[in-house]
**Q** 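Below: one structure in structure tokens.
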Amino acid sequence: LYSNSFIVLCATAMTVHTFRLLLPGNDVFSLTGFIASSTLFSYCLHWYLLNDNLRITSRITWTGNHKKYLLIFAISGAIGSVFFFFYLHQYWIQLAIPAFITMIYTAPKIPALNKLKSLAVGKTFLLAVTWAYVTVILPLWIYASEWDKNYAIFFISRFSLIYLICLLFDYRDRKEDKEQGLTT
């Protein structure tokens with residue numbers, strides 16, 4: 001549960017950072033609430049759907065023993081996402097993009113959709129783009145009056161930071177990914 005909290009905190013902090021640097025004076029409540037809730041929902045659902053009887057690791061054992069908590073947090077995140085969506089419903093297209101990407105990322109966890117693992121070839125890139133989109137592009141697309149070249153530079157720097165962090169996790173998980181048949 002600590003990693004869930006950390007992930008939500010990181011997504012929220014990165015979004016607030018974007019607001020403070022590039023969108024000062026804008027209300028951060030609705031979008032950061034939506035991002036925090038959606039992150040909690042998607043991350044907990046992703047791990048709740050883990051059905052891995054082939055590998056025994058401390059993380060997988062912990063996940064298996066705490067599925068009820070993951071489900072409770074996923075439902076809480078879904079409720080929060082719906083709540084904040086009402087404040088942002090006019091931006092449904094901008095919000096649907098990361099939701100779709102997250103669905104592609106999590107879908108292989110569902111046994112009936114296991115064949116979608118082939119889409120996970122670029123999972124590190126997909127994850128980094130999604131995080132950068134949610135924490136940079138989404139706030140700018142919704143709140144900025146016009147695009148500025150500095151926004152692109154900021155997006156590239158955020159993407160690079162997140163991509164490097166994701167590579168470290170991929171390196172850590174390389175054995176597990178190979179056993180699952182994932183190419184990273």
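Numbers here are sequence positions counted from 1.
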**Q** For the residue pair Phe83 and Phe34, is the inter-centroid distance of their aromatic rings smaller than 6.0 Å?
**A**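 Distance test on ring centres: not under 6.0 Å, no.
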**Q** If only atom types and distance count, is the side chain of Arg158 paired as donor or acceptor with the main-chain N or O of Ala128 below 3.5 Å?
**A**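 Answer holds: no.
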**Q** Do you know which two heavy atoms are closest between Ala74 and Leu45, and how far apart they sit?
**A**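 Heavy-atom minimum between the residues: CB-N, 4.0 Å.
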**Q** Hydrophobic clustering (ILVMFWY, side-chain heavy atoms < 4.5 Å, transitive) - are Tyr91 and Phe29 grouped together?
**A**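 Shared cluster, yes.
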**Q** So which atom in Ser30 and which in Phe84 form the shortest heavy-atom distance, rounded to 0.1 Å?
**A**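 Nearest pair, atom of Ser30 first, then Phe84: O-CD2, 3.7 Å.
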**Q** Side-chain heavy atoms under 4.5 angstrom apart, residues restricted to Ile, Leu, Val, Met, Phe, Trp, Tyr: same cluster for Leu126 and Ile7?
**A**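 Both belong to a single hydrophobic cluster.
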**Q** Atom CD1 in Ile165, atom OG in Ser160: separation rounded to 0.5 Å?
**A**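 The CD1 atom of Ile165 sits 11.0 Å away from the OG atom of Ser160.
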**Q** What's the shortest heavy-atom distance between Ala11 and Thr39, and which atoms?
**A**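 Taking every non-hydrogen atom into account, CB-OG1, 3.7 Å.
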**Q** Would you mind reporting whether Phe159 and Phe125 have side-chain heavy atoms less than 4.5 Å apart?
**A**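 In contact.
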**Q** Do you reckon Leu21 sits in the same ILVMFWY cluster as Val136, going by side-chain contacts under 4.5 Å, direct or chained?
**A**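 Yes; Val136 is reachable from Leu21 via cluster members.
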**Q** Could you tell me whether Tyr48 and Phe41 have their ring centroids closer than 6.0 angstrom?
**A**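 No, they do not, as the ring centres are separated by 6.0 Å or more.
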**Q** Which atoms form the tightest heavy-atom contact between Val82 and Phe86, and what is the distance?
**A**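 That would be O-CD1, 3.1 Å.
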**Q** May I have the step-by-step check of ring-ring contact (aromatic ring centres under 6.0 Å, His included) for Phe73 and Tyr43, ending in yes or no?
**A** CA-CA 9 Å; Phe73 282 123; Tyr43 192 78; over 10 Å; no
**Q** Rounded to the nearest 0.5 Å, what separation is found between the NE2 atom of His17 and the OG1 atom of Thr12?
**A**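 Result: 14.5 Å between the selected atoms.
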**Q** Return all side-chain donor-acceptor pairs below 3.5 angstrom for residues 138-154, not counting sequence neighbours, or 'none' if the list is empty.
**A**
| unit_1 | atom_1 | unit_2 | atom_2 | d |
| --- | --- | --- | --- | --- |
| Asp148 | OD1 | Asn150 | N | 2.7 |
| Asp148 | OD1 | Asn150 | ND2 | 3.2 |

**Q** If every non-hydrogen atom of Ile35 is compared with every non-hydrogen atom of Val134, which pair is closest and at what distance?
**A**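 Smallest heavy-atom distance, with atoms named: CD1-O, 3.5 Å.
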**Q** Could you tell me if the side chain of Thr15 sits less than 4.5 Å from the side chain of Val28, heavy atoms only?
**A**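 When only atoms from C-beta onward are counted, Thr15 and Val28 do not touch, as no gap falls below 4.5 Å.
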**Q** Given the rule that I, L, V, M, F, W and Y join up when any side-chain heavy atoms are under 4.5 Å apart, are Val16 and Leu40 in one cluster?
**A**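 In one cluster: no.
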**Q** Is the closest side-chain heavy-atom distance between Ile162 and Met14 below 4.5 Å?
**A**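 The answer is yes, as the side chains (C-beta and beyond) meet within the 4.5 Å cut-off.
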**Q** For the CG atom of Leu161 and the OG1 atom of Thr135, what is their distance to the nearest 0.5 Å?
**A**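 If I round to the nearest 0.5 Å, the distance is 9.0 Å.
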**Q** For a 4.5 angstrom cut-off between non-hydrogen side-chain atoms, does Trp131 reach Tyr163?
**A**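 No, too far: nothing below the 4.5 Å cut-off.
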**Q** Have Ser38 and Ser81 got a donor and an acceptor in their side chains that come within less than 3.5 Å?
**A**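 A donor-acceptor contact under 3.5 Å links the two side chains.
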**Q** Starting from Tyr171, can I reach Phe169 by hopping between I/L/V/M/F/W/Y residues whose side chains sit under 4.5 Å apart?
**A**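 Shared cluster, no.
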